[in-house]
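Only one structure is covered here, and it is reproduced in the block below.
Positions are given from 1 along the sequence.
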Amino acid sequence: MQNYKDLKVWQKSHRIVLKVYQLTNGFPKSEVYGLVSQYRRSAVSVSANLVEGCGKYSSNDIANFFQIALGSLHESEYYNLLSKDLAYISEEEYKNLEEQFREVKAMLVALIKTVRNK
């Protein structure tokens, strides 16, 4: 495929990871092994699966890893909602990340379609 660092979708997903880490630093200590761990893991999984997909040779393998990244993105969206509902993040922080998730999701869906049609 190509260098993952050149993918705009990877760049945007990496920024989300950094934001999730920043936000979760302020979560209650009781959430360290719960929500903080799960939220960070799912956010990292988006970027990591994009990286792994870029290291594969066949279009099917690449698309499968990109599909896993999309699933992890959906999981992260839920943790964002849960974080807001538990009042761990503000409405503004929630909406900001939600917009970033939507943007990355659209890019990922388009990328998956492109790779599968090769």
Side-chain angles (χ1 to χ4, degrees):
M1 176 96 188
Q2 65 178 5
N3 183 340
Y4 67 90
K5 291 179 185 175
D6 294 335
L7 286 176
K8 295 282 187 215
V9 68
W10 178 84
Q11 294 168 8
K12 289 178 183 292
S13 69
H14 181 66
R15 283 195 290 275
I16 288 173
V17 172
L18 298 176
K19 185 63 177 176
V20 165
Y21 268 74
Q22 176 196 14
L23 288 174
T24 55
N25 277 335
F27 283 25
K29 296 297 177 210
S30 61
E31 290 290 0
V32 168
Y33 300 108
L35 182 56
V36 170
S37 176
Q38 291 292 102
Y39 197 179
R40 287 178 174 184
R41 182 197 55 77
S42 67
V44 168
S45 181
V46 176
S47 298
N49 277 289
L50 285 168
V51 170
E52 193 164 355
C54 285
K56 298 300 179 182
Y57 180 72
S58 78
S59 293
N60 280 341
D61 286 343
I62 295 166
N64 285 338
F65 278 97
F66 291 175
Q67 190 71 47
I68 293 167
L70 183 60
S72 293
L73 184 66
H74 282 97
E75 185 179 354
S76 294
E77 279 186 303
Y78 170 67
Y79 295 137
N80 189 47
L81 174 64
L82 181 59
S83 298
K84 177 190 65 90
D85 289 348
L86 292 171
Y88 295 160
I89 62 174
S90 69
E91 183 75 26
E92 183 179 334
E93 291 166 325
Y94 166 78
K95 287 180 180 177
N96 179 279
L97 264 176
E98 196 62 21
E99 178 57 36
Q100 292 178 56
F101 287 137
R102 273 194 296 275
E103 189 175 333
V104 170
K105 189 186 308 182
M107 294 173 80
L108 258 176
V109 167
L111 184 58
I112 292 165
K113 286 179 182 177
T114 299
V115 171
R116 289 209 188 274
N117 289 330
K118 282 188 174 181

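In this structure, NZ in K113 is found 12.0 Å from CG in L108, a value given to the nearest 0.5 Å. Note that OH of Y39 is 9.5 Å distant from CD of E77, once rounded to the nearest 0.5 Å. Here the CG atom belonging to L18 is positioned 11.0 Å from the CG atom belonging to L23, to the nearest 0.5 angstrom. A distance of 10.0 Å separates CD1 of I112 from CD1 of I68, quoted to the nearest 0.5 Å.
Under the 3.5 Å distance criterion, the side-chain polar atoms of D61 are left unmatched by any main-chain donor or acceptor of Y57. Judged purely by atom type and a 3.5 angstrom limit, S76 uses its side chain to pair as donor or acceptor with the backbone of S72. Judged by distance alone, with hydrogens and angles left aside, the side-chain atoms of S45 form no donor-acceptor pair with the main-chain N or O of S42 at under 3.5 Å.
Hydrophobic clustering keeps Y21 apart from L86 (ILVMFWY residues linked when any side-chain heavy atoms are closer than 4.5 Å, directly or through intermediates). The hydrophobic clustering, which links ILVMFWY residues whose side-chain heavy atoms are closer than 4.5 Å, places L111 and V51 together. Under the 4.5 Å side-chain heavy-atom criterion for grouping Ile, Leu, Val, Met, Phe, Trp and Tyr, L97 is connected to L35 within one hydrophobic cluster. Residues M107 and V115 fall within the same hydrophobic cluster, defined by Ile, Leu, Val, Met, Phe, Trp and Tyr side chains chained together at heavy-atom separations under 4.5 Å. Clustering ILVMFWY residues whenever any of their side-chain heavy atoms sit less than 4.5 angstrom apart, transitively, puts V36 in the very cluster that holds Y94.
In this structure, K84 and E93 have side chains that are not in contact, with every pair of non-hydrogen atoms separated by 4.5 Å or more.
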Mind running side chain to side chain contact (heavy atoms under 4.5 Å, CB included) on V46 and I16 for me, showing each step along the way? CA-CA 9 Å; V46 176; I16 288 173; over 6 Å; no
Run the salt bridge (charged side-chain N to carboxylate O under 4.0 Å, His left out) test on E98 and K95 for me, step by step, so that the C-alpha distance in whole Å, both residues' side-chain angles and the decisive distance to 0.1 Å come before the verdict. CA-CA 5 Å; E98 196 62 21; K95 287 180 180 177; over 6 Å; no
Show your reasoning for whether side chain to side chain contact (heavy atoms under 4.5 Å, CB included) applies to Q67 and L70. CA-CA 5 Å; Q67 190 71 47; L70 183 60; 3.7 Å; yes
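Residue pairs meeting the salt bridge (Lys or Arg N to Asp or Glu O under 4.0 Å) criterion with at least one partner in residues 2-15, sequence neighbours excluded, are K12-E103.
Heavy-atom minimum distance, A43 versus V20: CB-CG2, 4.1 Å. S13 and V104 make their closest contact through N-CG2, 4.1 Å (heavy atoms, listed as atom of the first residue, atom of the second, distance). Nearest heavy atom pair, residue C54 against residue L7, reads SG-CD1, 3.4 Å. Across all their heavy atoms, L50 and A69 have their closest contact at CG-CB, 4.2 Å. Nearest heavy atom pair, residue F101 against residue N80, reads CE1-CB, 3.7 Å. Residues G53 and I62 approach most closely at O-CG1, 3.3 Å, considering heavy atoms.
Side chains of E92 and N96: a donor-acceptor N/O pair is absent below 3.5 angstrom, by distance only.
With sequence neighbours left out, Y79 forms a ring-ring contact (aromatic ring centres under 6.0 Å, His included) with no residue at all.
The neighbour count for E91 CD, taken as heavy atoms of other residues, nucleotides or ligands under 6.0 Å away, is above 12.
The aromatic rings of F27 and Y88 sit tilted, their planes meeting at an angle between 30° and 60°.
With respect to T24, the side-chain hydrogen bond (donor to acceptor under 3.5 Å, both in side chains) criterion is satisfied by exactly one of Q38, E31, R40: R40.
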